[in-house]
Amino acid sequence: MKYYVDSKILESDKPLSLGEIFNKLELGSNVLGAEVEGEVKDFYFNPADESKIYPIFLDNEKSLTLIRHSAAHILAQAVQSIYPDTKVTIGPVIDDGFYYDFYTDRNFTEDDLKLFENKMHEILEKNVSFEKEVINKNEALKIFSNMGETFKEEIINDLDESQEISLYKQGDWFDLCRGPHLPNSTFIKSFKLLSVAGSYWRGDETRESLQRIYGTAFSNPKDLKKHLKIIDEAKKRDHRKLGKELDLFSINDEIGPGLVLWHPNGSVIRNIIENYWREKHIESGYQIIYTPHIAKANLWETSGHLEFYSENMFSQMEIDTNKYQTKPMNCPFHIMIYKNGLRSYKELPIKYAEIGTVYRYERSGVLHGLFRARGFTQDDAHIFCSLDQIEQEVNDVIDLTTEFLKKFGFSEYEIFVSTKPSKYVGSDDEWSSATNSLKKSLDNKSLKYSIDEGGGAFYGPKIDLKIKDVLGRSWQCSTVQVDFNLPKRFDLEYISSNNQRLQPVMIHRAIFGSFERFFGILIEHYGGAFPTWLAPYQLKLLSVSDEQVEYVNDIADNLRSAGIRVDIDNRNEKLGLKIRESEISKVPYIGIVGKNELENETISLRKYGGKQIGELKSNKLLELINDELSGRVDS
RNA sequence: GCUGGCGUAGCUCAGCGGUAGAGCAGCUGAUUUGUAAUCAGCCGGUCGGGGGUUCAAGUCCCUUCGCCAGCUCCA
């Protein structure tokens with residue numbers, strides 16, 4: 001046998017485990033495990049001949065997998081030692097930590113978390129080692145059924161005959177687990193239990209509900225502290241909190257959950273975004289349209305929404321003798337405009353764009369501020385084109401999308417191409433050609449993407465763009481979907497160059513996804529301190545005393561007529577207070593006018609955050625802001 | 001929808017069987033103020049809604065609505 005361990009080569013006449021290999025190479029006690037063929041493995045793993053082995057030490061990011069998984073086991077031990085009637089289920093590693101799901105009659109509380117944490121420290125003081133033991137299925141079933149661990153029994157019963165069944169022992173406690181784990185618990189140096197939440201056994205809401213404990217662990221206290229700080233920062237940036245503080249929007253009980261009121265401050269921002277959006281879309285050859293909010297149920301019958309989407313639609317209402325329904329999507333309306341005339345190939349592509357408000361029934365538990373609402377406005381567009389225009393059109397959509405996202409400071413996103421699902425309409429040829437068009441467009445732009453196999457909509461493949469917010473959550477905003485289904489259902493046609501009636505393809509696309517969600521993301525992205533071009537007020541003028549009031553009003557008038565959004569504070573208050581309040585409202589510029597400025601006919605300018613720009617004339621101030629808005633100055 | 005937690009003044013929160021509280025905001029007055037909180041007074045709540053237990057209910061119980069953390073699902 002031959003093993004390649006980093007730069008070293010180890011030869012042996014019999015197969016060795018990783019632990020034995022590390023021992024022979026005298027790698028010392030700092031090694032936690034290894035990465036073999038892209039997977040994290042522990043000391044009990046037997047690498048194949050000629051394997052390349054990359055040992056994992058504490059400073060390696062991969063160590064977190066081992067640390068967190070083992071921390072989850074320590075948690076489970078702690079919980080069972082405090083509440084012995086608790087049954088264990090599963091405890092995997094997740095992006096930022098780990099969780100463990102328990103079955104118990106008890107409701108765990110925040111106080112319990114402390115209790116568990118203390119117990120974990122107690123267990124860790126004894127410095128336990130994690131020992132793997134392989135057993136057969138019958139033994140395993142016997143052990144766990146004797147213990148009353150019914151969930152583990154279920155797991156074992158569902159295991160494939162070929163799968164190895166193993167226990168990991170830590171002191172006098174053990175768990176059914178396939179690993180990998182740390183060699184011993186000394187590596188669990190910094191951990192914290194974060195929250196309790198409910199979950200379901202196997203994510204199935206008809207099964208037992210469980211108590212989930214979330215925690216995180218790191219290889220050193222510094223990283224843990226950093227992580228807790230990020231959680232804290234995310235809390236500060238929560239758009240629901242900032243939305244209230246900055247008076248941007250509200251969601252009111254008396255109106256209904258998931259329905260958003262855009263306050264004047266938020267509306268200023270939305271209006272700017274909408275105007276920019278319209279301008280860019282017209283430039284890019286879109287035609288802006290408006291459509292109603294309700295339509296006859298028959299339309300939704302034709303479109304297939306009643307068949308495929310009814311659980312997301314609000315109930316029908318009866319008007320005269322017809323049934324009507326609020327729209328969950330805009331597409332059928334755009335289609336009807338397309339169908340209003342006979343179309344020629346010379347017209348294609350036809351691109352209809354609408355800032356269209358839709359209503360979707362969302363289960364009450366999933367509503368989440370602006371991120372998840374029941375009424376929201378999509379920046380929707382539908383491109384009607386021929387099959388061979390798809391690639392070009394998708395190209396253009398991607399260009400437009402990346403341009404938009406860049407404008408708002410998003411340059412990092414994940415891209416997914418979702419392919420044919422098990423239930424689909426259209427021919428395999430159409431699917432593969434459309435999917436290839438999507439891929440080609442991305443390849444042309446050297447954009448990296450992952451394939452979401454089978455994740456496409458029933459009517460066609462799609463590209464999804466996800467941008468990441470400060471919480472590290474990624475949010476789907478932009479989407480480009482190719483659709484063969486609706487043109488068929490609505491019998492769309494165009495007259496081709498050789499005078500044939502052909503069916504166009506539809507491309508559904510949205511860049512922001514919805515104004516509500518995108519606004520929520522923006523609020524968190526900027527932490528409420530919007531850049532000057534978006535800020536509800538761009539400049540706040542503060543008088544130092546009553547004597548400057550008239551002068552302040554004059555400057556404000558002038559700047560307003562030059563298009564600057566100016567707020568004034570002429571109250572009889574101390575300057576310190578006015579500055580404090582302006583800072584809290586996060587206005588990008590503060591202009592201070594006192595005795596000196598009045599005399600010199602100037603304004604003292606200060607940026608949000610406290611940076612002094614100094615005394616300048618009103619026309620210079622205007623120039624400075626305009627330079628920033630036109631992008632000539634990077635602020 | 002489900003599991004758990006929580007709804008007290010415009011906001012943030014205290015009170016957890018015995019006469020509804022604080023800070024901030026608001027209003028009024030004094031102060032004419034120079035780069036993140038001037039001082040004083042006043043106003044403000046059927047303690048989310050409904051029902052019940054009790055001599056007595058923010059406080060205990062039931063129910064309903066909403067919010068929060070998750071589960072599940074999505075723009």
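Per chain, numbering begins at 1; letters A, B, ... match sequence-line order.
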> In terms of side-chain heavy atoms of A:Glu573, which of B:rU38, B:rC71, B:rC74 is nearest?
B:rU38
> Tell me the partner of B:rG18, counting only Watson-Crick (N1-N3 plus N6-O4 or O6-N4) or G-U wobble (N1-O2 and O6-N3) with both under 3.5 Å; none if nothing fits.
B:rC55
> Would you say B:rG1 has OP1 or OP2 under 4.0 Å from some side-chain N or O of A:Ser364?
yes
> Ring of A:Tyr214 versus six-membered ring of B:rG70: centres under 5.5 Å and planes under 30°?
no
> Return whichever of A:Gly610 or A:Thr479 has its heavy-atom-nearest nucleotide of RNA chain B closer to the 5' end.
A:Gly610
> Let's see if you can work this out: which of B:rG34, B:rC74, B:rU32 has an atom nearest to the side-chain heavy atoms of A:Arg360?
B:rC74
> Remember a base hit wins even if backbone is also touched, and classify A:Ser545 as base, sugar-phosphate or nothing at under 4.0 Å, heavy atoms.
base
> Hey, is A:Glu362 close enough to A:Arg372 for a salt bridge, meaning N to O under 4.0 Å?
yes
> Please classify B:rG58 as syn or anti, treating any glycosidic angle within 90° of 0 as syn.
syn
> Base, sugar-phosphate or nothing for A:Gln612? Non-hydrogen atoms, less than 4.0 Å.
base
> For the pair A:Phe151 and A:Tyr103, name the ring-plane relationship: parallel under 30°, tilted 30 to 60°, perpendicular over 60°.
tilted
> How many whole angstroms separate atom CD1 of A:Ile592 from atom P of B:rU35?
9 Å
> Write down the distance separating the C1' atoms in B:rA20 and B:rA56, rounded off to the nearest Å.
15 Å
> Is there a side-chain contact between A:Lys244 and the phosphate of B:rU12, meaning an N or O under 4.0 Å from OP1 or OP2?
yes
> Which nucleotide, B:rU72, B:rG34, B:rC74, lies nearest any side-chain atom of A:Arg517?
B:rC74
> Rounded to the nearest angstrom, tell me the gap between atom CG in A:Leu193 and atom P in B:rG4.
21 Å
> Below 4.0 angstrom from OP1 or OP2 of B:rU72, is there any side-chain N or O of A:Arg363?
no
> Could you tell me how the ring of A:His305 sits relative to the ring of A:Tyr309: parallel (under 30°), tilted (30 to 60°) or perpendicular (over 60°)?
perpendicular
> Where along nucleotides 22-29 of chain B does protein come under 4.0 Å, by heavy atom, of base (B) or sugar-phosphate alone (S), with - for untouched nucleotides?
--------
> Between B:rC11 and B:rC74, how far apart are the P atoms? Round to whole Å, please.
35 Å
> Between B:rG34, B:rC67, B:rC71, which nucleotide has the shortest distance from any of its atoms to the side chain of A:Glu597?
B:rG34
> Which part of the nucleic acid does A:Asn312 contact within heavy-atom distance under 4.0 Å: base, sugar-phosphate only, or nothing?
nothing
> Taking A:Glu245 first and then A:Lys241, would you say they form a salt bridge - that is, a charged N and a carboxylate O separated by under 4.0 Å?
yes
> Could you state the atom-to-atom distance from OH of A:Tyr309 to P of B:rC73 in whole Å?
14 Å
> Please evaluate the base of B:rC74 for a donor-acceptor partner in the side chain of A:Arg374 within a cut-off of under 3.5 Å?
no
> Is a donor from one side chain sitting under 3.5 angstrom from an acceptor on the other, for A:Gln538 and A:Glu628?
no
> Who does B:rC11 pair with, Watson-Crick or G-U, both distances under 3.5 Å?
B:rG23
> Please tell me which of the listed nucleotides, B:rU35, B:rG1, B:rC73, lies nearest to the side chain of A:Glu362?
B:rC73
> What is the pairing partner of B:rU38, taking Watson-Crick or G-U wobble pairs with both distances under 3.5 Å in any strand?
B:rA30
> What is the separation between atom NE2 on A:His508 and atom P on B:rC74, rounded to the nearest whole Å?
17 Å
> Under 4.0 Å, counting only non-hydrogen atoms across every strand here, what does A:Glu583 touch: a base, just sugar-phosphate, or nothing?
base
> Given the C1' atoms of B:rG17 and B:rC2, what is the spacing between them in whole Å?
34 Å
> Tell me if the centroids of the rings in A:Phe408 and A:Tyr526 come within less than 6.0 Å of each other.
no
> Could you state the atom-to-atom distance from CD of A:Glu254 to P of B:rG66 in whole Å?
12 Å
> Establish whether the base of B:rG70 is bridged to the side chain of A:Gln211 by a donor-acceptor pair shorter than 3.5 Å.
no
> Could you work out which one of B:rU12, B:rG34, B:rA75 sits closest to the side chain of A:Gln378?
B:rA75
> Does A:Arg606 reach a base, just sugar-phosphate, or nothing at all? Heavy atoms under 4.0 Å.
base
> The side chain of A:Ser199 is closest to which nucleotide in this list: B:rC71, B:rG34, B:rA75?
B:rC71
> With the side chain of A:Tyr200 defined as its heavy atoms from C-beta on, choose the nearest nucleotide among B:rC2, B:rA75, B:rG34.
B:rC2
> When you check the phosphate oxygens OP1 and OP2 of B:rA69, does a side-chain N or O of A:His368 lie under 4.0 Å from one of them?
yes
> My understanding is that a pair needs two contacts under 3.5 Å, Watson-Crick or G-U wobble. By that rule, which nucleotide pairs with B:rU3?
B:rA69
> Does the pair A:Thr86 and A:Phe102 meet the rule for a side-chain contact (heavy atoms from CB on, under 4.5 Å), with working shown?
CA-CA 7 Å; A:Thr86 306; A:Phe102 300 96; 3.5 Å; yes
> Any salt bridge (charged side-chain N to carboxylate O under 4.0 Å, His left out) involving residues 255-276 of chain A? Give me the pairs, sequence neighbours left out, ordered by first then second residue.
A:Arg270-A:Glu274, A:Arg270-A:Glu516, A:Glu274-A:Arg278
> Is the centre of the A:Phe108 ring less than 6.0 Å from the centre of the A:Phe116 ring?
yes
> Check the phosphate of B:rG70 against A:Arg372, side-chain N and O only, distance under 4.0 Å to OP1 or OP2. Yes or no?
no
> Classify A:Ser582 by what it touches in the nucleic acid, base, sugar-phosphate, or nothing, heavy-atom distance under 4.0 Å.
nothing
> Categorize A:Asp253 for me: base, sugar-phosphate, or nothing, with a 4.0 angstrom heavy-atom threshold over every strand shown.
sugar-phosphate
> Which one, B:rA69, B:rA36, B:rG34, comes nearest to the side chain of A:Arg240?
B:rA69
> What is the nucleic acid contact for A:Gly594, judged by heavy atoms within less than 4.0 Å: base, sugar-phosphate only, or nothing?
base
> Taking only the P atom of each, what is the distance from B:rU8 to B:rG15 in whole angstrom?
13 Å
> Within this structure, what is the CG-to-P distance between A:Asp569 and B:rG34, rounded to whole angstrom?
15 Å
> Taking CZ from A:Arg580 and P from B:rU35, how many angstroms apart are they, rounded to a whole number?
16 Å
> Side chains of A:Thr602 and A:Glu597: donor-acceptor distance under 3.5 Å anywhere?
no
> Between A:Lys327 and A:Tyr359, is NZ or CZ placed under 6.0 angstrom from the six-membered ring centre and within 45° of the ring axis?
no
> Among the nucleotides B:rU35, B:rA69, B:rU12, which one has an atom lying closest to any side-chain atom of A:Ala197?
B:rA69
> Send over the distance from A:Lys540 NZ to B:rG34 C1', rounded to a whole Å.
17 Å
> What verdict does the side-chain contact (heavy atoms from CB on, under 4.5 Å) test give for A:Phe512 and A:Asp380, after you've listed the backbone C-alpha separation in whole Å, the side-chain angles of each residue and the deciding distance to 0.1 Å?
CA-CA 9 Å; A:Phe512 301 133; A:Asp380 211 356; over 6 Å; no
> Which whole number of Å gives the distance between the C1' atom of B:rC24 and that of B:rC42?
16 Å
> Using heavy atoms to find the nearest nucleotide of RNA chain B for A:Gln548 and A:Ser209 separately, return the residue whose nucleotide is more 5′.
A:Ser209
